[in-house]
Amino acid sequence: MRLRGTACAAAGLLLAVATGCTGGTEDGAPAASPAPSVPATSPASARTAGESPRATATPTPGPADPVSLPALMQRDHTGSELRLGDVLDRNSAYTRYAVTYEANGLTISGIMNIPEGKGPFPALVLAHGYIDPDVYFSGQGMPREQDRLARAGHVVLHTDYRNHARSDEDPDNDVNLRLGYTEDVIGAALALRNSGRPEIDGDRIGLFGRSMGGGVVYNTLVVEPGLFDAAVVHAPVSARPQENIDHFQRPDGDPLVAEIEEKHGTPEEDPAFWRGVSPLTYADRVGEPLLIQHGTADDTCPIAWSREVAAVSGRPARTSNSARCPVRATRSGRGGRPRWTSPRPSSRAICAERPHQDQGPRR
């Protein structure tokens, strides 16, 4: 598997927390007004006893719990066989296709927007938030981002994840804290790079996730550092899976909680397991530029979760009132040219819209 070095002007994590308001619905949410800035160093919410919010660790050699981020780090991930299917839509700016690709032996479905004109175009993998797989349809979850990013000149691959739409089934994925979605995103990047399609610039691939997809982005960055050139998360969930369970699933009486705790124990019973599934534990592995866009008025995903990610990074965070936040990566590519050249990721497409709720409860 081919991974690239970070080659960033400042090594390590380049992270900004940009603030705005959240609310509205998945489709047709109104634009947000700028919200007051908040200190990036505000304390995070209370943690499980004995956990240090600054703790990071590179996994030591040896067998890892098969349900853990270290196990994913040790795996030789594959992504290939990107296939374009039916044309779903065509307009003056791009063509929308049904697609499938292979990720670690599973077939994953999704949609892909390919801009009109002469490529190759930079590519973006989109990781959507939680939508009940029973009602999910292919490409659901980030329609405005798909459209606007493609109109800005990007190939957009929106992955459905396993167990969604036409993807293969993974019956253990939910009880294993949905770590399989991380494999699906890694496979999407590799499938883009290995596709050989002239429209796709395999040297310029970014990652964008929202809500639950933001947690998938965090996992991906620690499992495969250097795979993506830059990443953006939009109103992300907590980087601590136990907080997401307590916030989204336990209050609703989700029976999956009992299954998870029967198989893996509670954080009090097996704290080592829960450290092993939190990307905060391995934050020192991240080298890509990362932008966190989170609203101060978000009553679904508390902004304290994003503040903690900024604090654990150990690097200064920049807080901005403006929706016109910069997304362009600072690293240089081959021959000294920027990884993101014109057209580049559209800051307006990523930041100007109000973060919106996924359909169904978010987890």
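Residue numbers run from 1 in the order of the sequence given. The basis for the numbers below is simple: all heavy atoms, side chains too, and nothing from hydrogens, waters or symmetry mates. Owing to the predicted nature of the structure, the values given are computational and were not obtained by experimental measurement.
- When the side chains of ILVMFWY residues are joined at heavy-atom separations under 4.5 Å, either directly or via intervening members, Val155 and Leu190 end up in a single hydrophobic cluster.
- The heavy-atom pair separating Trp274 from Pro241 by the smallest distance is CZ3-CB, 4.1 Å.
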- Task: Could you give me the CA-CA distance, side-chain angles and deciding distance for His164 and Tyr181, then say whether ring-ring contact (aromatic ring centres under 6.0 Å, His included) is met?
- Result: CA-CA 11 Å; His164 290 69; Tyr181 298 163; 5.7 Å; yes
- Message: Go through it in stages, so that I can follow the logic: the residues are Leu84 and Ile114, the test is side chain to side chain contact (heavy atoms under 4.5 Å, CB included), and I'd like the CA-CA distance, side-chain angles, deciding distance and then a yes or no.
- Response: CA-CA 11 Å; Leu84 274 60; Ile114 299 179; 3.8 Å; yes
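- Here the side chain of Arg96 pairs no donor or acceptor atom with the backbone of Asp89 at under 3.5 angstrom.
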- Task: Verify side chain to side chain contact (heavy atoms under 4.5 Å, CB included) between Phe248 and Thr300, making sure each step is shown before the conclusion.
- Result: CA-CA 9 Å; Phe248 295 112; Thr300 302; 3.9 Å; yes
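- Each of Thr107, Asn194, Thr159 was scored for a side-chain hydrogen bond (donor to acceptor under 3.5 Å, both in side chains) with Tyr101, with one residue passing: Thr159.
- For the pair Phe273 and Val67, the minimum side-chain heavy-atom distance is below 4.5 Å.
- Contact of the Thr281 side chain with the Leu69 side chain is not registered, since no non-hydrogen atoms from C-beta on lie closer than 4.5 Å.
- Contact check on Glu308 versus Arg240 returns a salt bridge, with a Lys/Arg side-chain nitrogen under 4.0 Å from an Asp/Glu carboxylate oxygen.
- Between Asn91 and Ala93, the closest heavy-atom pair is OD1-N, 2.8 Å.
- Under the 4.5 Å side-chain criterion, counting only non-hydrogen atoms from C-beta, Leu280 is in contact with Val312.
- Between Trp305 and His247, the angle of the ring planes goes over 60°, which puts this pair in the perpendicular group of the 30/60° scheme.
- Between Glu81 and Arg83 there is a salt bridge, with a side-chain nitrogen of the basic residue lying less than 4.0 Å from a carboxylate oxygen of the acidic one.
- The heavy-atom pair separating Leu72 from Leu179 by the smallest distance is CD1-O, 4.0 Å.
- No donor-acceptor pair closer than 3.5 Å links the side chain of Asp65 to the backbone N or O of Ser68.
- Linking ILVMFWY side-chain heavy atoms closer than 4.5 Å, directly or via other members, places Ile111 and Leu192 in two distinct hydrophobic clusters.
- Checked by atom type, the side-chain pair Glu183/Asn104 shows a donor-acceptor distance below 3.5 Å.
- A salt bridge links Arg162 and Asp170; the closest N-O separation between the charged side-chain nitrogens and carboxylate oxygens is under 4.0 Å.
- Salt bridge annotation for Glu261-Arg250: present, with a cationic side-chain nitrogen under 4.0 angstrom from a carboxylate oxygen.
- The shortest heavy-atom contact between Ala150 and Pro115 is O-CG, 3.8 Å.
- Here the side chain of Ser195 pairs no donor or acceptor atom with the backbone of Leu82 at under 3.5 angstrom.
- One hydrophobic cluster holds both Val185 and Met212 under the rule that ILVMFWY side chains link at heavy-atom gaps under 4.5 Å.
- Between Ile205 and Pro122 the shortest side-chain heavy-atom distance does not fall below 4.5 Å.
- In summary, the aromatic rings of His154 and Phe121 are positioned with their centroids too far apart to meet the 6.0 Å limit.
- Within the 3.5 Å criterion, the main-chain N or O of Phe137 finds a donor-acceptor partner in the side chain of Gln140.
- Without hydrogens or angle criteria, Ser167 side chain to Asn163 main chain gives no donor-acceptor distance under 3.5 Å.
- Between the OG atom in Ser211 and the CD1 atom in Ile131 there is a gap of 9.5 Å [rounded to 0.5 Å].
- If you check the side chains of Thr95 and Glu116, you find a donor sitting under 3.5 Å from an acceptor.
- The shortest distance between side-chain heavy atoms of Pro70 and Tyr282 falls below 4.5 Å.
- Taken to the nearest 0.5 Å, the CG atom of Leu157 stands 10.0 Å off from the CG atom of Leu124.
- Taking 4.0 Å as the cut-off between side-chain N and carboxylate O, Arg204 and Asp201 count as a salt-bridged pair.
- Taking 4.5 Å as the limit, every side-chain heavy atom of Val156 sits out of range of all side-chain heavy atoms of Met112.
- Looking at every heavy atom in both residues, Glu224 comes nearest to Arg75 through OE2-O, 4.4 Å.
- Here CD of Gln242 is found 13.0 Å from NE2 of His264. Values are rounded to the nearest 0.5 Å.
- The backbone N or O of Arg178 lies less than 3.5 Å from no partner atom in the side chain of Asn176, so there is not a single donor-acceptor pair.
- There is a side-chain donor-acceptor pair under 3.5 Å between Ser138 and Asp160.
- Remark: Asp147 engages Arg151 in a salt bridge, criterion side-chain N to carboxylate O under 4.0 Å.
- Thr266 OG1 to Ile245 CD1: the interatomic distance, rounded to the nearest 0.5 Å, is 10.5 Å.
- When atom types are taken as modelled, the side chain of Asp229 and the backbone of Gly206 share no donor-acceptor pair closer than 3.5 angstrom.
- Contact check for Leu88 versus Tyr97: no side-chain heavy atoms found under the 4.5 Å cut-off.
- A donor-acceptor pair under 3.5 Å links the side-chain atoms of Ser109 to the main chain of Arg166, judged by distance alone.
- Within the model, atoms CG of Asp168 and OG1 of Thr100 stand 9.5 Å from one another, a figure rounded to the nearest 0.5 Å.
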- Run the side chain to side chain contact (heavy atoms under 4.5 Å, CB included) check on Val286 and Tyr218 step by step: do they pass? CA-CA 9 Å; Val286 179; Tyr218 292 153; over 6 Å; no
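- Shortest non-hydrogen contact noted between Ala188 and Val125 is CB-CG1, 3.9 Å.
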- Task: Please step through side chain to side chain contact (heavy atoms under 4.5 Å, CB included) for the pair Gln293 and Val233, ending with a clear verdict.
- Result: CA-CA 6 Å; Gln293 178 78 9; Val233 293; over 6 Å; no
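- A donor-acceptor pair shorter than 3.5 Å can be found between the side chains of His158 and Gln146.
- Put simply, NE2 on His294 and CG on Asp298 are 4.0 Å apart, with the number rounded to the nearest 0.5 Å.
- Looking at Tyr161 and Ile108, their side chains never come closer than 4.5 Å, going by heavy atoms from C-beta outward.
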